[in-house]
Amino acid sequence: MSRQGPLLTPNVNTQLLSPKFTTEASTSGSSSREQNSETSTLVNPHMKSRFLESWRIIACSTACFALNMVALVLNITLVHDRRLHVFPPAIIGMTAAALGLASVALDILAIEPKSKSPKLFLFSAPSRTAMRQMICFLAFVPVIVTLVTLTLEAVNSKGRFDAFLNIQTNPKTSLIIVDCLAIVADIFLCAAMARLVWWPVHRTARSSMILSSLLQCTIATILIAVNWRPFVGCILRPTTFATATFTLHQHVGALLFTTAMFSFGICCAIREGDRINKVFTRFITFYIILASFTVFMLFVVLSLAVHLLLDNSLKALVTSATLTCDPILSGCALILFGVNFWASHYLQEPPPSSLSVEQIDLNDLSQLQRDAFAKLINKHGKNLPDAPDGEAAISLMHAYCNANLPGMKSIVLRVYKPSRIPDKSTILNNMAANYTYEDDWAWRNLDFEQMALRHRSVIIPEIKEPEAPPAPPKLSKKQQKKLAKARADAEAANDGPTVPLSPINSPEQLQAELEFAQKLESTEALVMLSQIPDYDLTATVPGLPGRILRRTLGANSLFKPLCVRLGLLAFHWPFRQAIFYTAPARRPVARTAAVARAIAEWNDKRPRRERCAVLLDPTYQHGDDERAIVPSGWLPNPLPPSHVIDLRPHKNKTLPEYLKAIKYRDQEVAFKKANGEVLESMEFTDEQCGEVMRLWRNIAQKRTGEGQTAVLAEPDEHMLMKLGGGAKGDRSLLFLRANGKTIASCVLFRLGNTITSDMQGLDYELARPLKAYFVMMQHVIGIALKEGKSFVDFGPTTPKPKLDIGCTSVGITGAMYAVNPLLRAAIGVAASKVTSSMDTTNAGETKE
């Protein structure tokens with residue numbers, strides 16, 4: 001079954017076949033025919049939705065045409081005073097209904113695959129969209145005309161509406177009812193067309209800005225015209241102030257016309273599928289700046305126009321049209337700018353992710369099921385050279401979820417594609433819905449935009465591999481077959497999980513296997529979310545401003561408005577992203593943006609007490625994850641860079657050989673003289689975990705004493721023991737001992753081809769003379785070389801010694817999402833202080 005195939009059913013074993021995993025059962029011909037017949041009976045949801053909307057438009061257009069025709073005939077027959085304002089509404093309504101029927105016919109002809117020849121312009125999508133816009137406008141005109149006419153007649157006839165019809169015969173009530181029904185039919189036709197043109201919200205914003213810009217162009221033209229010759233034909237002339245004011249109105253009118261044409265050009269020139277790219281963002285930013293200046297000038301001319309209107313001495317010198325129109329036109333232009341500012345905020349509204357999110361408990365999964373997810377991560381989730389393998393990722397997530405750490409709770413989310421067969425309400429409420437992110441051009445264009453640049457974006461510098469050994473001698477055909485079979489077996493071993501995971505012994509077990517196979521098939525990613533309930537956003541602001549913010553808005557204030565629930569899409573120890581993809585991606589940027597959007601949508605729908613006010617996702621710079629931040633609706637914020645050593649060119653070397661290759665002096669001289677020894681333990685006993693936490697708190701207290709934030713949450717011995725339980729050698733404790741005392745420690749995490757150290761602890765009084773920090777880095781590198789690891793990640797702190805020992809600085813960008821828009825400004829201020837505060841801390845640590 002392909003990823004877009006039908007749902008799994010318990011009576012069809014062959015539907016377990018998938019590109020993501022293999023199966024032990026063979027496919028029979030009868031079951032294949034059954035699957036094909038089931039697939040053929042499914043209706044494409046896009047076609048079904050389009051046909052439903054077409055029938056709705058046909059019904060509305062037919063009713064509108066018929067009622068307007070009856071209203072026109074009755075008005076011609078019964079109304080003796082056949083004024084022009086009686087008939088145009090019905091005629092316009094009939095025109096809109098006829099165009100509605102024609103648009104349905106064009107839609108049907110446009111989807112017919114008659115030939116491969118290019119379609120006529122009449123059948124193109126832009127022309128049909130323009131026709132729908134025209135129908136929506138024409139269907140709304142009769143409503144406006146009728147309401148305006150009734151209002152004017154009501155004023156002229158002192159509240160009696162009989163003057164509008166002026167009927168001399170008895171069936172006055174029938175005529176009024178028919179006219180009202182025709183207006184209602186026009187409203188329904190306008191609403192049906194508006195669903196195609198003005199929904200979702202970005203289309204509403206686009207259409208609103210187009211109409212507003214056209215009205216602003218009209219207002220600007222009138223504003224220039226009425227101020228061109230504002231004086232009456234007399235000898236006297238007003239003061240210089242009044243003359244300069246009328247001239248200023250003309251200049252502001254020209255500025256208003258330019259701004260309106262610029263906004264009109266933005267909406268018309270950029271296609272809907274390109275609305276979330278960076279170029280469009282820059283155009284909108286420039287428009288907001290230009291429009292803000294224009295609004296300021298409009299406020300100036302509005303105040304001047306009101307001042308001149310109240311000046312009685314000018315009434316005999318200046319035409320009343322100029323004095324009256326200037327404040328009215330300026331006020332209308334300001335109102336339209338309010339519409340444009342609202343529209344500019346939603347023009348780049350990200351499309352829906354078309355993905356669903358659910359919370360899963362890894363404890364409820366069997367070991368075989370967890371291994372199945374791990375194999376999918378191995379196959380599809382290692383998108384970076386130092387990405388952890390599936391077994392290490394699942395093991396670390398499992399340990400975090402079982403660690404009852406005060407101040408932090410970790411959960412695992414499954415992001416998956418829902419069923420492609422929507423229910424009836426989904427089809428009726430989402431006429432043009434895309435049922436997967438791969439079908440939406442706004443998502444797809446993200447990859448097309450970056451395709452030419454992706455091959456230049458390198459997270460870790462490319463390393464020239466050593467020269468290959470001489471070519472082996474020629475093999476016989478039998479040897480070649482054996483070699484090919486061995487390679488095929490190796491590739492099969494590295495393939496996805498084998499379905500079924502265990503032998504089937506009962507119908508219930510078969511049903512469970514099918515349900516889990518469907519879950520594997522639809523899963524896009526596994527995400528670990530670490531929730532910190534009371535995180536102070538002002539904690540990273542150093543110095544006097546930080547103390548003021550903490551006392552007024554932060555943890556030391558009364559209401560604590562900037563103490564929020566933080567959701568970290570990463571591991572805290574080590575600080576690495578915790579999004580693991582389990583499915584292939586033809587468009588990686590689109591997939592990353594859709595997953596981030598899905599997580600934000602899921603968080604917005606959570607109960608208020610459980611919702612995270614701020615989400616943080618640390619990602620490497622210049623990668624697909626960073627490109628997807630802004631299109632997904634998140635905010636990019638700089639984070640301190642990590643420091644990574646690439647050991648690929650130093651394979652099979654020892655630590656002294658590595659240090660000699662990078663010209664680094666050995667720092668162990670004083671440590672060895674003090675009878676120093678290095679101990680690595682996989683046990684994670686109570687005594688060892690207590691020793692690690694004791695030394696770690698020394699560093700944490702030192703940072704806190706300097707006014708810096710130590711960690712987002714404070715670990716304890718219980719949490720450390722959970723990290724060691726069931727690790728299978730993925731995690732270990734490293735101790736440095738001198739003269740019988742422990743002077744330094746850290747926790748080593750093995751994530752696939754990467755080893756990283758975290759939770760470093762020092763006894764400053766004993767460690768400083770022996771250079772324990774530098775000795776510990778050397779031995780971590782030695783362990784990585786001994787185990788054949790490709791990368792060593794030392795994290796963001798103390799950059800100087802890490803760069804000296806061979807690290808490369810790898811930039812990290814934090815993707816942040818705030819539920820409350822008011823928090824975004826606070827996030828920007830807090831994040832901008834992270835790098836500077838880290839630099840201050842790093843300088844102090846390096847000196848120590």
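A quick note: this is a predicted structure, and the numbers were derived from the prediction, not measured.
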Problem set entry | Candidate pair Tyr817 and Asp617, rule side chain to side chain contact (heavy atoms under 4.5 Å, CB included), full reasoning | CA-CA 9 Å; Tyr817 179 82; Asp617 178 20; over 6 Å; no

At what distance, to the nearest 0.5 angstrom, does [atom1] of [X] lie from [atom2] of [Y]?
X	Y	atom1	atom2	value
Met759	Leu695	CE	CG	13.5 Å
Arg550	Asn556	CZ	CG	7.5 Å
Met297	Phe293	CE	CZ	5.5 Å
Ile532	Ser410	CD1	OG	8.5 Å
Ile599	Cys612	CD1	SG	11.0 Å
Phe794	Gln760	CZ	CD	8.5 Å

Modelled atom types, side-chain donor and acceptor of [X] and [Y], under 3.5 Å:
X	Y	answer
Asp793	Ser642	yes
Asn340	Tyr287	yes
Arg737	Thr742	yes
Glu668	His779	yes

Exercise. Is NZ or CZ of Arg731 both nearer than 6.0 Å to the six-membered ring centre of Phe684 and within 45° of the ring axis?
Worked result: no

Can you check whether [X] reaches [Y] side chain to side chain, under 4.5 Å on heavy atoms?
X	Y	result
Trp602	Leu529	yes
Tyr764	Tyr773	no
Val747	Leu733	yes
Ser557	Arg551	no
Tyr620	Arg576	yes
Pro574	Leu751	yes
Ile805	Gln778	yes
Phe337	Leu256	yes

Exercise. So does Tyr664 have more than 12 non-hydrogen atoms from other groups sitting under 6.0 Å from OH?
Worked result: yes

For this session: Specify whether Trp342 and Tyr346 have parallel, tilted or perpendicular ring planes, treating 30° as the upper limit for parallel and 60° as the lower limit for perpendicular.
Result: tilted

For this session: For Arg565, check salt bridge (Lys or Arg N to Asp or Glu O under 4.0 Å) against everything at least two apart and list the hits.
Result: none

Seminar exercise, completed: Sorted by chain and number, sequence neighbours left out, salt bridge (Lys or Arg N to Asp or Glu O under 4.0 Å) with Glu691 holds for Arg694

For [X] and [Y], work out which heavy atoms get closest and say how close.
X	Y	value
Leu615	Ala600	CD1-CA, 4.4 Å
Lys741	Leu766	CD-CD1, 4.0 Å
Phe735	Ser745	CD2-CB, 3.8 Å
Ala784	Val792	CB-CG2, 3.5 Å
Lys722	Ala399	O-CB, 3.5 Å
Ala598	Val357	O-CG2, 3.7 Å

I'd like to know if the side chain of [X] and the backbone of [Y] have a donor-acceptor N/O pair within less than 3.5 Å.
X	Y	value
Gln688	Asp686	no
Lys789	Gly752	yes
His643	Thr808	no
Asp534	Cys563	no
Thr619	Thr813	yes

For this session: Please list all pairs passing the salt bridge (Lys or Arg N to Asp or Glu O under 4.0 Å) test where one or both residues lie in residues 593-610, with sequence neighbours left out.
Result: Glu349-Arg597, Arg597-Glu601

Problem set entry | Contacts of Ser344 that satisfy side-chain hydrogen bond (donor to acceptor under 3.5 Å, both in side chains) - sequence neighbours left out | none

Seminar exercise, completed: Quick note, side chain to side chain donor-acceptor pair (under 3.5 Å) partners involving residues 288-304, not counting sequence neighbours, are Thr259-Thr294

Problem set entry | side chain to side chain contact (heavy atoms under 4.5 Å, CB included) between Tyr535 and Met408, worked out | CA-CA 10 Å; Tyr535 176 68; Met408 187 176 74; over 6 Å; no

Exercise. Quick one: ring pair (Phe, Tyr, Trp, His ring centres under 6.0 Å) partners of Phe749, sequence neighbours excluded?
Worked result: none

Exercise. Given Leu723 and Leu396, is the side chain to side chain contact (heavy atoms under 4.5 Å, CB included) satisfied, shown in steps?
Worked result: CA-CA 7 Å; Leu723 287 179; Leu396 196 55; 3.9 Å; yes

Problem set entry | Val527/Val415 under side chain to side chain contact (heavy atoms under 4.5 Å, CB included): CA gap, chis, key distance, verdict | CA-CA 8 Å; Val527 182; Val415 184; 4.1 Å; yes

